[in-house]
Structures are given as C-alpha cells and as structure tokens.
Asks: 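Right, I'll just put the structure down here and ask away after.
Since the structure is predicted, the reported quantities are computational estimates derived from the model, not experimental observations.
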Amino acid sequence: QVQLVESGGGLVQAGGSLRLSCAASGRTGSTFAMGWFRQAPGKEREFVASINLSGGYTYYADSVKGRFSISRDNAKNTVYLRMNSLKPEDTAVYYCAASEKYYSSTNWRLRRDYDYWGQGTQVTVSS
C-alpha cells in the first residue's frame, strides 16, 4: 500500500500563487507516475497535471497550462504542484494520486490510471 498526504492548500486572492505538496509513504517503489486532480462542488473530479517517474515528462489540462507546474523529488518521495495566476474557477479540493502503471496511453490523464489517492486539500481563490 501507498499512503499519500497533501498539504499547502488555503485561501488566496485571484492572481496569487500556491504550492501544493504530496508526500508518499509505504510501498513507494511500486509507483511510477504521479498526478493531481481537482474537484469543485457539484462537479466531477478532473485531471490537472501528471508527471512520469523520472520527471522528464509532464502533462497538463488545457485550463491550467502555462499557469501550473508539476514537479517531483524522488529522494523525498514528494510531488509538487506550483499554481500561479490563480483564478476563482481554480477553487476546488485538490487530490494527489499515484499510479502503478509504467506506461499510460492517456499520459495518466484518467482517474482509472491511478491506484492510490490522497485525502485532498482545499484551495479557495477569492475574486
């Protein structure tokens, strides 16, 4: 099993920045790609960003491309999501996820690509 714990959420004004962290523990050697998803009230959980094992490949939802940046520190078993130029529509609970798939034809953009999930951290962007 792998445990994921997110941190770094909070309240920020539009145009501001936040950095989310996701610390993994347990059988982290079984996981490869990591991803971030978000879920706003009344909406489906949606893909935000993903990163492969080495960190050399990153993928983003169109809605966050150019504003968000995903990275990872494998020595610390931690993945990050840097969020800049935040908008009110970015308000959501953000979830970290870990995949045991070495390869994904969807670049780990789907929920079914992931095997482990964190409990989520709230991000609220005020206008």
Side-chain angles (χ1 to χ4, degrees):
Q1 290 290 330
V2 174
Q3 294 77 44
L4 303 173
V5 178
E6 302 98 333
S7 61
L11 174 64
V12 63
Q13 288 188 330
S17 299
L18 281 175
R19 189 181 78 158
L20 305 183
S21 299
C22 172
S25 61
R27 293 184 58 195
T28 56
S30 68
T31 60
F32 296 99
M34 301 288 291
W36 287 96
F37 286 70
R38 67 186 182 186
Q39 187 168 16
K43 294 189 176 181
E44 293 288 318
R45 191 173 300 189
E46 64 176 5
F47 169 77
V48 175
S50 59
I51 187 167
N52 74 331
L53 177 61
S54 69
Y57 292 92
T58 57
Y59 308 94
Y60 298 93
D62 288 344
S63 59
V64 307
K65 199 172 295 184
R67 301 188 297 123
F68 290 13
S69 177
I70 188 171
S71 61
R72 66 189 298 167
D73 184 336
N74 289 338
K76 296 182 178 179
N77 290 320
T78 301
V79 64
Y80 305 96
L81 185 68
R82 177 68 180 183
M83 306 185 293
N84 295 327
S85 302
L86 282 162
K87 305 175 181 180
E89 50 263 44
D90 294 319
T91 295
V93 176
Y94 283 71
Y95 296 91
C96 171
S99 174
E100 292 184 334
K101 291 184 176 179
Y102 181 76
Y103 168 78
S104 166
S105 61
T106 67
N107 295 325
W108 299 279
R109 293 174 179 268
L110 302 181
R111 292 174 61 181
R112 66 170 184 256
D113 287 331
Y114 295 88
D115 302 281
Y116 305 99
W117 293 85
Q119 81 290 348
T121 186
Q122 177 71 46
V123 172
T124 303
V125 184
S126 63
S127 58

Asks: Should Cys22 and Thr78 be marked as a side-chain contact (heavy atoms from CB on, under 4.5 Å) after you check the CA-CA gap, both sets of side-chain angles, and the distance that decides it?
Replies: CA-CA 5 Å; Cys22 172; Thr78 301; 5.7 Å; no

Asks: Does any N or O in the side chain of Trp108 come within less than 3.5 Å of the main-chain N or O of Lys101, such that one atom is a donor and the other an acceptor?
Replies: yes

Asks: Show the numbers, then the answer: is there a side-chain contact (heavy atoms from CB on, under 4.5 Å) between Arg72 and Leu53?
Replies: CA-CA 9 Å; Arg72 66 189 298 167; Leu53 177 61; 4.1 Å; yes

Asks: If the plane angle is over 60° it's perpendicular, under 30° parallel, otherwise tilted; pick one for Phe68 and Tyr94.
Replies: tilted

Asks: Minimum heavy-atom separation for Ala24 to Leu4, with atom names?
Replies: CB-CD2, 3.6 Å

Asks: Any idea which heavy atoms bring Tyr114 and Phe37 closest together, and the distance?
Replies: CE1-CE1, 3.4 Å

Asks: One thing to verify: whether Asp90 and Lys87 come together as a salt bridge, which I'm taking to mean a side-chain N less than 4.0 angstrom from a carboxylate O.
Replies: no

Asks: Taking the six-membered ring for Trp, are Tyr102 and Phe32 parallel (under 30°), tilted (30 to 60°) or perpendicular (over 60°)?
Replies: perpendicular

Asks: For a 4.5 angstrom cut-off between non-hydrogen side-chain atoms, does Asp115 reach Thr31?
Replies: no

Asks: Would you check, one step at a time, whether the test side-chain contact (heavy atoms from CB on, under 4.5 Å) holds for Trp36 with Cys96?
Replies: CA-CA 5 Å; Trp36 287 96; Cys96 171; 4.0 Å; yes

Asks: Under 3.5 Å, side chain of Ser50 to main-chain N/O of Asn107, donor-acceptor pair present?
Replies: yes

Asks: Decide whether Glu100 and Tyr116 meet the rule of one side-chain donor and one side-chain acceptor closer than 3.5 Å.
Replies: yes

Asks: Taking the side chain from Asp73 and the backbone from Asn77, do they hold a donor-acceptor pair closer than 3.5 Å?
Replies: no

Asks: Does Tyr95 have Arg45 sitting over its ring (NZ/CZ under 6.0 Å from centre, angle to axis within 45°)?
Replies: yes

Asks: Taking the side chain from Glu6 and the backbone from Gly120, do they hold a donor-acceptor pair closer than 3.5 Å?
Replies: yes

Asks: Do the side chain of Arg67 and the main chain of Arg82 share a donor and acceptor less than 3.5 angstrom apart?
Replies: no

Asks: Just do the side-chain contact (heavy atoms from CB on, under 4.5 Å) check on Arg38 and Glu46 with the steps written out, would you?
Replies: CA-CA 5 Å; Arg38 67 186 182 186; Glu46 64 176 5; 2.7 Å; yes

Asks: Donor-acceptor check, side chain of Ser99 to backbone of Asp113, threshold 3.5 angstrom: yes or no?
Replies: yes

Asks: Any donor-acceptor pair under 3.5 Å linking the side chain of Tyr60 with the backbone of Ile70?
Replies: yes

Asks: Hey, is the main chain of Ala92 close enough, under 3.5 Å, to the side chain of Gln39 for a donor-acceptor pair?
Replies: no

Asks: Checking side chain to side chain donor-acceptor pair (under 3.5 Å) for the pair Gln122/Thr124: CA distance, chi angles, key distance, verdict?
Replies: CA-CA 6 Å; Gln122 177 71 46; Thr124 303; 3.3 Å; yes

Asks: Decide whether Val93 and Met83 are clustered together by the hydrophobic rule: side chain heavy atoms of Ile, Leu, Val, Met, Phe, Trp, Tyr closer than 4.5 Å, transitively.
Replies: no

Asks: What about Val125 and Val64, same hydrophobic cluster or not, with Ile/Leu/Val/Met/Phe/Trp/Tyr joined at side-chain heavy-atom distances under 4.5 Å?
Replies: yes

Asks: Among the clusters formed by ILVMFWY side chains lying less than 4.5 Å apart, do Leu81 and Trp117 turn up in the same one?
Replies: no

Asks: Side chains of Leu18 and Val123: does their closest heavy-atom pair fall under 4.5 Å?
Replies: yes

Asks: Please round to the nearest 0.5 Å and tell me the distance separating atom OG of Ser104 and atom CG of Leu110.
Replies: 6.5 Å

Asks: Let me confirm one number: the CG-OG1 distance from Leu20 to Thr121, rounded to the nearest 0.5 Å.
Replies: 6.0 Å

Asks: Please find the pair of heavy atoms, one from Ser127 and one from Ala14, that lie closest to each other, and give the distance.
Replies: CA-CB, 4.4 Å

